[in-house]
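Indexing begins at 1, ligand by ligand and atom by atom, following the structure's order.
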Amino acid sequence: MRKIFQLSEIKILFIFLFCWSCSSDEPDDNSMMQLELNSPQNLVVTQINETAFQITWDAVSSATSYQSQVSLTPSFDAFVAPYDNLEDSGNQINVINLESGTSYFFKVRSVRDDKYSEYSEVIEVTTENAAEPEPDTPLKEVATTFSVGMAVSTSKLGGQWDAIYKREYNNITAEWEMKMNIMYPSEGNYDFSKADLIVDYAVANNMDVHGHALIWHAATPSWVENFTGTDEEFSEMVEDYIKTTVSRYAGKVRSWDVVNEAFEDSGGVLRNSVFRQRMGDDYIEKCYQWTREADPNCLIFYNDYNMVINETKRMAALNMVDDFIDRGVPIDGFGFQMHISYNGPSKSLIASTSKEVTDRGLLLHFSELDVRANPNNDLSSLTVERSEQQKNKVKEVVEVYNAIPESSKFALTIWGLRDPDSWLIDFWGQNDWPLLYDANFNIKKAHTGFLEGLE
Ligand code: G3I
């Protein structure tokens, strides 16, 4: 039976329930939010440079985002755009585009729906003083016993690139436009338009050209990968391509990477490229012989990466070179690409492995130098400390190269001008600053490292 309450009983019940709700130690919704929506704690400045700083704080469990404020005054009446409650979901912020040697005030609050916590404590951060400008001595003026190379592309032969190339480099390499996939895009149809622009630029500016690269598994046009003729026709096609290309630039292209990266990273074995499949293991020596026949005066190189740190691969390549030398197969030099990092490989290992090349009487080319400043992705901007470390590694590389026997000196080539031009950014998909110039064509400490390596 359903009990029916009298009116007086209902009033007593209502008064009781109201008092209970007020006295309950259970917080109501609003106080629940206030209770859960704490302000950010333990703010830590994690990176500072001339124009930026990074701050992290403990994540607030119920916050969905945070609002940061940056001001020139502790009273926050001079906001720095866009940091006026700039909202973001992460418990970290990179504050950028700041003035050097300037104090900034930072605070942050938690956000959940339309609720805001109190602001955090205020942190004062002072950006680093603008560094003294680095010396702008052109590299080629100091590197008197070898040429200083630069990887170029036709889209970067004008403007500030042109001005800097002319000032300090006396050797250029096409970063990608003198490879088979560009120069021989379809069967029987050569396209030397880009190569001509680069070679003509070098000739006009009295620069050497290092041809890169006639044969490379990673820049082979699809029609070659899917060649429908016989193996003999394939070999004839490759011979025609090499002789057509090398003879075209005889007297202008001083040297060629004839075959690039022919060995697997492990096992010391040849990559099973279409060239090896269709021509046999001796495709490499055939290409070197054809190159020599096409231009007896050009210097011909083998080129590969991780030659310093990958002993198995290095020994396999050097064994091939020893065999060439023993049998009179033409080869003049060996390229260590030198895609390295600020923290390795060591100077002593670079020196000892370089000696394995120079002891064979070969020319040595440090052919594609870049120095990752952020291999472990621990930086969101290049700090002064990491710049100094990168500078020291560049200095070590140059010291090693400058110390090899004069008879083995050829060139030290840098794989790009400005940090953002580097292939490494897209390849690794993260921030990095691997070269000698910054995004604004300013000389970096790494450039000074090159100069100091020549002292
Ligand atoms: O800039 C053009 C763009 O305008 C066009 O729309 C697009 C269409 O594909 O191509 C863009 O050019 C790209 C170029 O890099 C510039 O970013 C090419 O596609 C791309 O193939 C080229 O990649 C080059 C790669 O070799 C393949 O040739 C990289 O720049 C170059 O740094 C890299 O260099 C190699 C060495 O030759 C050998 N050692 C390893 C090194 C790094 O992979």
Side-chain angles (χ1 to χ4, degrees), residues 149-159 161 165 169 171-186 191-195 197-199 201 209-225 241 245 253 255-265 271 273-275 284 287 300-310 313-314 317 333-341 345 364-372 374-375 397 410-430 432-437 439:
M150 173 52 62
V152 304
S153 52
T154 55
S155 63
K156 299 182 177 78
L157 291 180
W161 280 285
Y165 294 161
Y169 301 98
N171 190 322
I172 58 176
T173 298
E175 184 169 6
W176 55 286
E177 291 165 300
M178 289 179 71
K179 295 170 183 171
M180 194 178 190
N181 62 326
I182 305 297
M183 298 192 296
Y184 203 4
S186 59
D191 179 358
F192 293 115
S193 58
K194 303 292 189 184
L197 287 174
I198 290 171
V199 172
Y201 177 85
V209 181
H210 180 71
H212 172 83
L214 291 170
I215 302 292
W216 183 31
H217 68 279
T220 301
S222 54
W223 70 270
V224 173
E225 293 284 5
Y241 155 68
T245 304
V253 174
S255 51
W256 277 102
D257 287 335
V258 177
V259 174
N260 185 54
E261 302 175 16
F263 291 90
E264 293 287 358
D265 287 330
R271 294 179 189 273
S273 68
V274 66
F275 301 97
I284 300 175
C287 293
I300 54 181
F301 283 75
Y302 176 74
N303 189 57
D304 213 327
Y305 65 89
N306 286 352
M307 287 290 95
V308 174
I309 60 173
N310 186 329
K313 187 157 90 157
R314 183 179 72 252
F334 199 115
F336 281 12
Q337 291 182 9
M338 299 300 283
H339 296 296
I340 62 176
S341 294
L364 176 63
H365 183 198
F366 281 0
S367 58
E368 305 178 15
L369 179 65
D370 41 40
V371 183
R372 295 175 70 193
N374 195 27
V397 169
F410 169 69
L412 198 167
T413 297
I414 301 157
W415 209 241
L417 188 68
R418 299 179 312 154
D419 289 334
D421 301 336
S422 174
W423 68 286
L424 287 164
I425 313 297
D426 289 343
F427 185 79
W428 293 108
Q430 61 188 52
D432 213 317
W433 308 272
L435 299 171
L436 305 190
Y437 284 78

### Query
F410 and H365: aromatic ring centres closer than 6.0 Å?
yes
### Query
Does any non-hydrogen side-chain atom of Y305 lie less than 4.5 Å from one of N310?
no
### Task
State which residues pass ring pair (Phe, Tyr, Trp, His ring centres under 6.0 Å) with F336; sequence neighbours excluded, sorted by chain then number.
F334
### Heavy-atom neighbours of K194 NZ exceed 12 at 6.0 Å
no
### Message
If the condition is ring pair (Phe, Tyr, Trp, His ring centres under 6.0 Å), which residues does Y241 pass it with, not counting sequence neighbours?
### Response
Y184
Identify the protein atoms, limited to N or O, that lie within less than 3.5 Å of an N or O atom of ligand 1, and list each pair with its distance to 0.1 Å.
unit_1: ligand 1; atom_1: 26 (O); unit_2: K179; atom_2: NZ; d: 2.9
unit_1: ligand 1; atom_1: 28 (O); unit_2: K179; atom_2: NZ; d: 2.8
unit_1: ligand 1; atom_1: 30 (O); unit_2: E175; atom_2: OE2; d: 3.3
unit_1: ligand 1; atom_1: 32 (O); unit_2: E175; atom_2: OE2; d: 2.6
unit_1: ligand 1; atom_1: 32 (O); unit_2: W415; atom_2: NE1; d: 3.0
unit_1: ligand 1; atom_1: 34 (O); unit_2: W415; atom_2: NE1; d: 3.3
unit_1: ligand 1; atom_1: 37 (O); unit_2: K179; atom_2: NZ; d: 2.5
unit_1: ligand 1; atom_1: 37 (O); unit_2: H212; atom_2: NE2; d: 2.6
unit_1: ligand 1; atom_1: 39 (N); unit_2: E261; atom_2: OE2; d: 3.0
unit_1: ligand 1; atom_1: 39 (N); unit_2: Q337; atom_2: OE1; d: 3.0
unit_1: ligand 1; atom_1: 39 (N); unit_2: Q337; atom_2: NE2; d: 3.3
unit_1: ligand 1; atom_1: 39 (N); unit_2: E368; atom_2: OE1; d: 2.7
unit_1: ligand 1; atom_1: 39 (N); unit_2: E368; atom_2: OE2; d: 3.3

Under 3.5 Å, sequence neighbours excluded: what are the donor-acceptor pairs made by side chains of residues 212-219?
unit_1: H212; atom_1: ND1; unit_2: D257; atom_2: OD2; d: 2.8
unit_1: W216; atom_1: NE1; unit_2: E261; atom_2: OE1; d: 2.9

